[in-house]
Structure formats: C-alpha cells, structure tokens
Amino acid sequence: ITFTTDQKWKIEIPGDSWLRADITAGDPGENITVTLYVKSANDDYPVRKKEVLIETTSGKYTYARVKAKQTGINDQELPYIYVANAGDMKRALEAIPGYANIEALYVKGNIGPADFATLNSMRRLNELSLQDVAIEGNEIPDNAFKGNETLKTFYFPKNITRIGEYAFRGCKNLAGDLYIPYTVEEVDDYAFEECSGLKGNLAFAGTGYPIGVSKLKRIGVAAFNKCKFNGTLTFGVLSELQEIDNYAFHSCKGFIGGLDIPDNVTRRGPYALYSACGFTHISVGKKVSCIGVLGFKVEGRCNMLYSHT
C-alpha cells in the first residue's frame, strides 16, 4: 500500500487476523509504503478477505480503506450464484453439483425470507457473502440463521436497516469482530444471543462506512446476551442510538477500555449492561438521568469509573 498524508497515521487490521502489516504507524510523508503479509498459508478457505484501515492520529480525523484478498484451496474464488428473483435460491443452488456440501458461497441478485431458510439448511456452509444482494424489506429476517453451528464468516448486505429477532441466535462458530453496517436502524431482540464465538470488537459503524456514523436507534432485548467479546464496544460519535433494551449486553464480561453512551439514549430496559463489567470507565450522555437507567451491575471484581456528562 502506498499513500501520502500530512498527518500522523496508523494501520488497523481488526480482529485476530491472518493478515499483518510490516509497519503499523508513522509520521507524515509522501509515498509511504506499507507491505501486507500473511502469517500462514490459506489451507482452510477457497478465499479469505480482510479490510485494512489507514487512520490519521493527529489533526482532523480521516481514514482510507483497503480490501485484501487471498485465494486458498485450489486457488478458487468463492462459489458464486445469481438469484434473479426472491424465493429462487434453491433453484439456483440446484444447478451446482453437490450444493448441499458447499462450504463457502457468494450470492448476488435478489433474495427473501425463504432463501434464508435454504441457506440455513446448508449444514456445511461456513463462509457466506451477501454483500451484493438486494433483500426484501432490507432486513435480515427473524430466525434467519438461528441455531446454525457451521457459519463462521458472514458478510452483511449493503443498505439493510434491520437485523431480525433471533437472526443469528446460537451461531456459536460465528467468529471474530462484529461490525454492524451503519445503515442498520434496529438490532432486534435476541439477534446475536449466545454467539459465543464472537471474540473481538463490537462496533455499530462498520469500517466500510463513514467512521463514527451510525443510524442505529434500538438495540433489542438480550440482543448480545452471553457473547464473548474481548475488545471494545463502540457506538460512534455520530450515533443516533435512542434505546438499549433489557439485558442487551448481559454477561458480556470481556469488553475492555471505556464506553461512551451516546447523548441520544433516553430509553432503556433494566439490566441492559448487567454483568458487563470489563469496562475501565463508562460515560453517560446528558439525557440519561441516572446510572440506574442503564442497569449497570458493578461487581467486586469490576474496577469501573463512571461519569455523567
């Protein structure tokens, strides 16, 4: 990667990545070159992808995004299908010999709730890209991948506004960081409950979008209950979040660093952050009247500072 900047900068590669950079930070300069390399051969996937973020660390915040891709098994791309009309996923898949045994899939076209049921029935599927599909209702439907135990990597569709109830509940092998697209307005009840493989950061403004911007307004009941995040929780400085519902982050004990509750948050359910005690400090916005509003449980082993702005 070669770039020019008049500010100090750093390289961010989210999660426990297979990808590395030879230089991760530096001073202003022209034609700065950073080389990406891999830790090990790609023996597990037909193709794997990662986003690399170049961020400024001085002056006005700016960023640039670079997509890295490495082919692997048989040097193949992800098996690709085009679904012309919502509801035709199964018909399109049947054109691929042995489709039930596909482990990775890239979908384009138009899909609906019945197509998600078809995808969830593919019990060997561990990598799925829906980045280039149009979905009826612009949402991941209720129960879309509920109980799926093979899915490890999922690429969200663009422009979705809702992630439905139980959409990924119990997807225990869904792994790494989780970046919710900035267009999502609601993560509904139990959407990611018991996704114990999610170990990393949780951010509500994905790296592929304007940093800090999020249209999210509601996080539903137990939406992330019992997830195992061990990174940061970020709502974004330009978040539109208004409601964090009951038990939304219950027992998410691994979060680190500080947590800034957006100023717009005025509604909550009790125990929204119950036992989510890894934070070093929590800052609550002006419209939240008291600490109890967000249902913190501060246990003896939690060294947490609280500020109310």
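Judged purely by distance below 3.5 Å, without hydrogens or angles, the side chains of Asn159 and Asn138 never pair a donor atom with an acceptor atom. Side-chain N/O atoms of Tyr106 and Asp132 include a donor and acceptor closer than 3.5 Å. Checked by atom type, the side-chain pair Thr2/Asn31 shows no donor-acceptor distance below 3.5 Å.
Between Lys217 and Glu240, at least one side-chain nitrogen of the basic residue sits less than 4.0 Å from a carboxylate oxygen of the acidic one, meeting the salt-bridge criterion. Under 4.0 Å is where a charged nitrogen must lie from a carboxylate oxygen, and between Arg218 and Asp189 at least one such pair does. In this structure, Glu185 does not pair ionically with Lys215, as no charged nitrogen and carboxylate oxygen lie closer than 4.0 Å.
Put simply, CG on Asp263 and CZ on Phe235 are 12.5 Å apart, with the number rounded to the nearest 0.5 Å. Here Ile96 contributes atom CD1 and Leu105 contributes atom CG; the two are 6.5 Å apart, rounded to the nearest 0.5 Å. Note: Leu216 CG to Asn264 CG = 11.0 Å, rounded to the nearest 0.5 Å. Atom CZ of Arg123 is separated from atom CG of Asn101 by 13.5 Å, given to the nearest 0.5 angstrom. Between the OH atom in Tyr99 and the CD1 atom in Ile81 there is a gap of 10.5 Å [rounded to 0.5 Å]. The distance from atom CD of Glu194 to atom NZ of Lys146, rounded to the nearest 0.5 Å, is 10.5 Å.
Between Thr57 and Trp9 the shortest side-chain heavy-atom distance does not fall below 4.5 Å. Side-chain atoms of Thr24 and Lys10, non-hydrogen and from C-beta on, never get closer than 4.5 Å to each other. Within the 4.5 Å cutoff, no side-chain heavy atoms of Leu202 are placed close to those of Phe192. The closest side-chain heavy-atom distance from Ile1 to Leu36 is below 4.5 Å. With a 4.5 Å cut-off on side-chain heavy atoms, Glu55 and Glu12 count as touching. The shortest distance between side-chain heavy atoms of Asn110 and Val133 does not fall below 4.5 Å. For the pair Ile140/Pro157, a side-chain contact is recorded, criterion being any heavy-atom separation below 4.5 Å from C-beta on. Looking only at side-chain heavy atoms (C-beta outward), Lys199 and Phe229 stay at 4.5 Å or farther from each other.
Between Tyr182 and Phe204, the distance from one ring center to the other does not fall under 6.0 angstrom.
Under a 3.5 Å cut-off, the side chain of Asp115 and the backbone N or O of Gly112 do form a donor-acceptor pair. A donor-acceptor contact shorter than 3.5 Å is absent between the side chain of Asp88 and the backbone of Val83. Judged by distance alone, with hydrogens and angles left aside, the side-chain atoms of Thr232 form no donor-acceptor pair with the main-chain N or O of Thr234 at under 3.5 Å. Here the side chain of Thr150 pairs a donor or acceptor atom with the backbone of Leu125 at under 3.5 angstrom. Remark: side-chain polar atoms of Asp245 are not paired, donor with acceptor, to backbone N or O of Ile219 under 3.5 angstrom.
In this pair, Phe145 and Phe168 present their aromatic rings parallel. The plane angle is below 30°, not in the 30 to 60° band.
Under the 4.5 Å side-chain heavy-atom criterion for ILVMFWY residues, a single connected hydrophobic cluster contains both Ile11 and Ile23.
With Glu193 as reference, Arg169 is the one residue of His250, Arg169, Lys226 to meet the side chain to side chain donor-acceptor pair (under 3.5 Å) rule.
Closest approach of Gly164 and Asp142 over heavy atoms only: CA-OD1, 3.3 Å.
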Notebook entry, point to check: Could you walk me through whether Phe156 and Leu178 pass the side-chain contact (heavy atoms from CB on, under 4.5 Å) check?
Noted result: CA-CA 10 Å; Phe156 284 102; Leu178 181 59; 3.9 Å; yes

